[in-house]
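FYI, side chains are in, hydrogens and waters are out, and symmetry mates aren't considered; it's all heavy atoms of this structure. So that the names make sense, note that chain A is the first sequence line, chain B the second, and so on, each numbered from 1.
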Protein chains: 2
Amino acid sequence: MTVTLADVAARAQVSPATVSRVLNGNYPVAATTRERVLRAVDELDYVLNGPASALAAATSDLVGILVNDIADPFFGIMASAIQAEIGGPGGRAGGERLAVVCNTGGSPERELTYLTLLQRQRAAAVVLTGGAVEDAPHAAAVAAKLRKLADAGTRVVLCGRPPAPDTGAIALTFDNRGGGRELTEHLIGLGHRRLGYIAGPEERTTTRHRLEGHRAALEAHGITEDPGWTVHGRYDRQSGYEATLELLRRDPSLTAVVAANDSVALGACAALRDSGLRIPEDVSVAGFDDLPFSIDAVPSLTTVRLPLSEAGARAGRIAMGREEPPPGEIATIRGELMVRGSSGGPRK
Amino acid sequence: MTVTLADVAARAQVSPATVSRVLNGNYPVAATTRERVLRAVDELDYVLNGPASALAAATSDLVGILVNDIADPFFGIMASAIQAEIGGPGGRAGGERLAVVCNTGGSPERELTYLTLLQRQRAAAVVLTGGAVEDAPHAAAVAAKLRKLADAGTRVVLCGRPPAPDTGAIALTFDNRGGGRELTEHLIGLGHRRLGYIAGPEERTTTRHRLEGHRAALEAHGITEDPGWTVHGRYDRQSGYEATLELLRRDPSLTAVVAANDSVALGACAALRDSGLRIPEDVSVAGFDDLPFSIDAVPSLTTVRLPLSEAGARAGRIAMGREEPPPGEIATIRGELMVRGSSGGPRK
DNA sequence: AGCGTCACAGCAAGCGCTTTCTATCGGATA
DNA sequence: TATCCGATAGAAAGCGCTTGCTGTGACGCT
């Protein structure tokens, strides 16, 4: 029914071992023999049996990429960059690896299950992107899993995620705290003193770090934060819309709104407009990430640009063993403040 | 070193066969035995060897999702919906399947290679999303591959992609032609007579169908199209920006610009604004897809909404055998015209 | 001429699991 | 009490491939 290595061997009049060696190309095979084998492969339309190969060789060519939300360009862009480096087909040199993107939906359980699934497949490498959930037991479970993966020879890389000490994982971390601080300082510099903050979901490292940066900036400038100035929500547009309405309700005198990310900021803009407020004349708005659409918002969004593509590419190369891990196995990647039209001096 | 089935069996004092049966749960095992085995699995922290299992059982739990550009929300949204249904971990019932997203980058070769890789992994199902490349030899190669996959028992579903006759693939197709026509008719209805069109890359089914719809509308209303009114480009914002500038150069009297998709439309809006033109007073703009950010554009984008999530979910269910394929194995999914602020009557 | 050296090719032993077929055992039935 | 049957458990044969080790001629060296 299906063509096997043995069939090819028979056709080429060589042993299965030879066919295997031709296909894997890590053992001397005479040119004429190789030629003959290749022809047989072609004629028979042979396709290697992945599982069998992985079993025998005790390795597979699967590389897992875990993302929190594949529908979010933040992850899409990183995944794309990672995958480009992993190779998949068309990548640069190296064996062909199947880079697979796994969507955890931000759920700790799914994250764990995917890791198990990848472990089960004996993945060659795993890249985890984006913020982690801070729930202690879960974090411990993930750490344990990562260690096990690393021990089993799977290269583990964290991209845009805080380091996981003692797991053997390489971490490329975004400086969310620094970015958050810089952003808010920019606003304060413009004269804002009453700033609302729309945070992401609680218990997420990204959420916490950005918020900490924001608060550090406030504190550094002697601004006492009103507890009502912070609202938590999801990392999407709708959440930003609702949260902004809530902020306005709590304190109509706010002159600036800082959002957890660009999507949230867009929702905030919509809410402000719907409330009859002008941006930035009445209220300034700032986002985070600098996703492609942010520059097209009207006014264009002041935000912190994160080098998503570059970080992803680097993570991909490290996962493939094509680039040295950073010293200490941890690298911090800084964002860049992008001042655009959505931020300006406060009214009055 | 690694824990195997045999280790678990030894620990639980049963045969490997029994352990396997407990794990797969399709054979009667006494409750107490099962209990004992499960405990051993737990204590040993056993993880099934996927390749070995796939080899022995001649099936795997991998499901491939091919997308043209994972950084594009169009695909991200579909992939997300598909994956949610495939299960992956956390999906509803059914065995746990590893839904993997493969990024072809729109390249025919990579598409083919990914299909081979999935075939090699003996994937349980494959979902191909988005438009296909129209290059004849390539189309034939893909068709052949799909047939082979289907023959090997892999369920093949096309989502947002034209049918592939005689391949055994189920197709859920978007009515791009109808949507394109409706959109342009809306513009014509507003009084526009000189409409620019920014098409996607040539040789893509999606590009062609949308353009055909546009032209059908023009023709139906007796409008003779100027050859300079159409510009081809990529499906991204920058391309839209450049193409719009080009259109304006060719014919400054255009009163409307129809874009291949929303990202392109956003780029078009930016170019128009930068050229000192107001939307829609001077030029109306229309997009396609209705991605989440489209409603936040200023003015919000008139576009054709495609039920990406719904289609993806359905494709996922069909791929899992959880929903009946449509009669004739082909279903056409219509878009819905969303009239918003970016379209209005022409000036004068 | 004699023999170590290469360069290749084949043998065969698994890799860790699934699954068919074959026991086994405690009733239930006659 | 002898027989049969359903419910379980085990033995063992692979699944298709990789790879360490073992030939085996052809060469080149002394």
Please report the distance, rounded to the nearest Å, between [atom1] in [X] and [atom2] in [N].
{"X": "B/Asn49", "N": "C/dC17", "atom1": "CG", "atom2": "C1'", "answer": "8 Å"}
{"X": "A/Arg122", "N": "C/dC15", "atom1": "CZ", "atom2": "P", "answer": "13 Å"}
{"X": "B/Gln121", "N": "D/dC17", "atom1": "CD", "atom2": "C1'", "answer": "13 Å"}
{"X": "A/Leu55", "N": "D/dC17", "atom1": "CG", "atom2": "C1'", "answer": "8 Å"}
{"X": "B/Asp61", "N": "C/dC17", "atom1": "CG", "atom2": "P", "answer": "14 Å"}
{"X": "B/Leu48", "N": "C/dC15", "atom1": "CG", "atom2": "P", "answer": "16 Å"}
{"X": "B/Arg120", "N": "D/dC17", "atom1": "CZ", "atom2": "C1'", "answer": "12 Å"}

- prompt: How bent is the helix from C/dA1-D/dT30 to C/dA30-D/dT1, comparing axes over its five end pairs at each side, to the nearest 10°?
  reply: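 Computed from the C1' atoms at both ends, the axes differ by 40°.
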
- request: Answer yes or no: does a side-chain N or O of A/Asn24 lie under 4.0 Å from OP1 or OP2 of D/dT18?
  value: yes

query: Think A/Ser53 has a side-chain N or O under 4.0 angstrom from the OP1 or OP2 of D/dT18?
result: yes

Straight-line distance of B/Thr129 OG1 to B/Ile65 CD1, nearest 0.5 Å: 8.0 Å

message: Would you compute the distance between atom SG of B/Cys102 and atom CG of B/Leu128 and round it to the nearest 0.5 angstrom?
response: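 B/Cys102 SG to B/Leu128 CG: 9.5 Å, rounded to 0.5 Å.
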
task: Would you kindly compare B/Ala57 and A/Ala57 by the position of their nearest DNA chain D nucleotide and give the one closer to the 5′ end?
output: B/Ala57

Distance-minimising heavy-atom pair for [X] and [Y]:
{"X": "B/Ser60", "Y": "B/Gln121", "result": "OG-O, 3.3 Å"}
{"X": "A/Ile86", "Y": "A/Gly316", "result": "CD1-O, 3.9 Å"}
{"X": "A/Val133", "Y": "A/Gly106", "result": "CG2-O, 4.0 Å"}
{"X": "B/Ser309", "Y": "B/Ala81", "result": "O-CB, 3.2 Å"}
{"X": "A/Tyr46", "Y": "A/Asn49", "result": "OH-N, 4.1 Å"}

- prompt: Do you see a donor-acceptor pair shorter than 3.5 Å between the side chains of B/Ser15 and B/Thr18?
  reply: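 Looking only at side-chain atoms, B/Thr18 and B/Ser15 do form a donor-acceptor pair, the distance falling under 3.5 Å.
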
field: Non-neighbouring partners of A/Arg161 that pass salt bridge (Lys or Arg N to Asp or Glu O under 4.0 Å), sequence neighbours left out
entry: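 Salt bridge (Lys or Arg N to Asp or Glu O under 4.0 Å) check on A/Arg161 returns A/Glu111.
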
Contact letters for nucleotides 4-10 of chain C, in which S counts primed atoms plus P, OP1 and OP2 and B counts the base, heavy atoms under 4.0 Å: ----SBB

A/Ala52 side chain, from C-beta outward: closest of C/dT18, D/dG16, D/dT18: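 Of the options given, the side chain of A/Ala52 lies nearest D/dG16.
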
